[in-house]
Protein chains: 2
Amino acid sequence: MLKNPVVLLDLISRLANLMRSEFRRVGSDEGLQPVHVQALLFLEQVNRFSNTPQALAEYLGLTKGTVSQSLLLLDRRGLIERYQDEIDRRVVRLRLSTLGEAFLNESNPSGLWHTATRDISANRVRYSVSVLRAALYELQGFTGGPVFGVCNTCVYCQRKSQRIHHCTWFGERLSGPETRKICRDQVPKTGSLSAAD
Amino acid sequence: MLKNPVVLLDLISRLANLMRSEFRRVGSDEGLQPVHVQALLFLEQVNRFSNTPQALAEYLGLTKGTVSQSLLLLDRRGLIERYQDEIDRRVVRLRLSTLGEAFLNESNPSGLWHTATRDISANRVRYSVSVLRAALYELQGFTGGPVFGVCNTCVYCQRKSQRIHHCTWFGERLSGPETRKICRDQVPKTGSLSAAD
DNA sequence: GTTCATAGTATCGAATCGATACAAAATTTT
DNA sequence: AAAATTTTGTATCGATTCGATACTATGAAC
């Protein structure tokens, strides 16, 4: 008997494999490997508390040494910028350069994904997101790594007014767009995992 | 604005990355790389029409040359067996060896996934499966590759009696367990993509 | 101030991966 | 039937990722 969770895992693996191929295709013009495209997409989505080599390594499930190499290449190509953190001078902050943003806009790595999911209703997407998010949260708990998640589904994300949010974890103000990015230290709100939001 | 399909893609990527790490961990004792574990899992799930190097290459999104190398390694380790097809003598058929099955049973590569999804209801899993299956079907259409899917959700899979099924595509009889495996030439039944089954 | 932990880099060897070329079998065309 | 073409899989090569280890620099603990 083929258990349903196995089927789900198989679908996830296969989708990831296909997108990996797509990333390879998309990056081939610039001589970029799939992992480089993934790194750029990460930097596009991540918030300003989590844009470090360490976070990227944990996100990709690779060692920091490996990721350091990839970042070196992206830096040499001028696709990213690295700068020192103001407070903790050990940490390096990463951001997309203008060239990097241009590359993502032109090559559009997730374009194929968009067209493939075009006909799936927003409700069905939301529902699946909540299921996968639950699985991810559990999985991240077991592996001991940090928990990546969208900022505005986090218990520490407080809405102060219509436009102003506040993160009680880092103790900083957040703009609206910032709350839709991915954070390394997210703690899901109760209920956001068990029900479709 | 972070669009929901992007969030879904991000979740899938991240889950795949984590499972890839898990596969690396699981295979390290035997000196196996993640891709080897994936190959073994593929052979565990695939039906007897699709257990070829070519199918595996398409499933993994790699070239046949690359996959040929991985199969060589798995063969040397005695984890798989390769034998010629009776009818078309160009094609090589693959199957797990006793050792290969034992490795999967002992190392249990999807064990972590099982525990992580333990508390997700069967209904929610089924629903997500139907959504991801729709995305996969679309994606596979664009990339031109074959369409992998579970046999019993295929239009060619006919139920003759309680125990006997028939594939009108390959023109062969199928046992019950066989209809729950993955086929390379699956064509989803209408409705199985748009609604939770 | 000494010790320890953390973030990142450098270097090295092992292994994947794609590209190309190749061999063998099947299919199609002539 | 014979030749050309297609398909399936393998072999070899170089480029690149990747983990492991060692190392530097900064911060934290005591």
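Just so it is clear: chains get the letters A, B, ... in the order the sequence lines come, proteins before strands, and each one is counted from 1. A quick note: this is a predicted structure, and the numbers were derived from the prediction, not measured. Basis for what follows: all heavy atoms, side chains included, without hydrogens, waters or symmetry-related copies.
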Under 4.0 Å, heavy atoms only, any strand: does V67(A) hit a base, just the sugar-phosphate, or nothing? nothing
Atom-pair distance (CD on Q38(A); C1' on dT17(D)), nearest Å: 13 Å
Taking G61(A)'s backbone N and O only, do any of them form a donor-acceptor pair with S21(B)'s side chain (distance below 3.5 Å, no angle check)? yes
Taking dT9(C), dG19(D), dG9(D) as options, the one with an atom nearest any side-chain atom of Q54(B) is dG9(D)
Phosphate-side-chain proximity, R89(B) and dG9(D), N/O vs OP1/OP2 below 4.0 Å: no
Per atom distances to the V91(B) side chain, the nearest of dT10(D), dT8(D), dT11(C) is dT8(D)
Could you check how far CG of L71(A) sits from P of dT16(D), rounded to whole Å? 17 Å
Value in whole Å for how far the C1' atom of dT10(D) lies from CZ of R82(B): 9 Å
In whole angstrom, what separates N17(B)'s CG from dT17(D)'s P? 16 Å
CD of E58(A) versus P of dA7(C): gap in Å, rounded? 8 Å
Report the distance from atom OH of Y83(A) to atom P of dA7(C), rounded to the nearest whole Å. 17 Å
Nearest whole angstrom, please: distance from the C1' of dA7(C) to the CG of D85(A). 11 Å
Examine the side chains of R124(A) and S130(B) and answer whether a donor and an acceptor come within less than 3.5 Å of each other. yes
With a non-hydrogen cut-off below 4.0 angstrom, is L94(B) in contact with a base, only sugar-phosphate, or nothing? nothing
Closest approach to the side chain of V35(A), judged atom by atom: which nucleotide of dT9(C), dC18(D), dC17(C) is it? dC18(D)
Would you mind telling me which of dA25(C), dG8(C), dG27(D) lies closest to the side-chain atoms of V92(A)? dG8(C)
Salt bridge between R184(B) and E58(B), side-chain N to carboxylate O under 4.0 Å? yes
Want to settle it: does R20(A) or R93(A) sit nearer the 5' end of DNA chain C, counting the closest nucleotide to each? R93(A)
Look at the side chain of L72(B) and decide which nucleotide, out of dA11(D), dT8(D), dT26(D), has an atom nearest to it. dA11(D)
Which nucleotide in the list dT16(C), dG19(D), dT9(C) gets nearest to the side chain of Q69(A)? dG19(D)
Testing dA15(C), dT17(D), dG18(C) for proximity to the side chain of Q33(B), the answer is dA15(C)
Let me know the distance between CG of D88(A) and P of dG27(D), rounded to the nearest Å. 6 Å
Under 4.0 Å, counting only non-hydrogen atoms across every strand here, what does L60(A) touch: a base, just sugar-phosphate, or nothing? nothing
So does R25(A) pair up with E22(A), basic N to acidic O under 4.0 Å? yes
Among R180(A), Q186(A), R133(A), whose side chain to side chain donor-acceptor pair (under 3.5 Å) with T153(A) holds? Q186(A)
Would you please say whether a donor-acceptor pair under 3.5 Å links the side chains of S13(A) and D10(A)? no
Given DNA chain D, 5'-ward residue of the pair T66(B) and R90(B), judged by closest heavy atom: R90(B)
Toward the 5' end of DNA chain C, by each residue's nearest nucleotide, G61(B) or P53(A): P53(A)
With respect to the phosphate group of dA15(C), does any side-chain polar atom (N or O) of H36(B) fall under 4.0 Å of OP1 or OP2? no
Check every strand shown and say whether S70(B) touches a base, only sugar-phosphate, or nothing at a heavy-atom separation below 4.0 Å. nothing
R24(A), nearest nucleotide to its side chain (from dG18(C), dA26(C), dT17(D)): dG18(C)
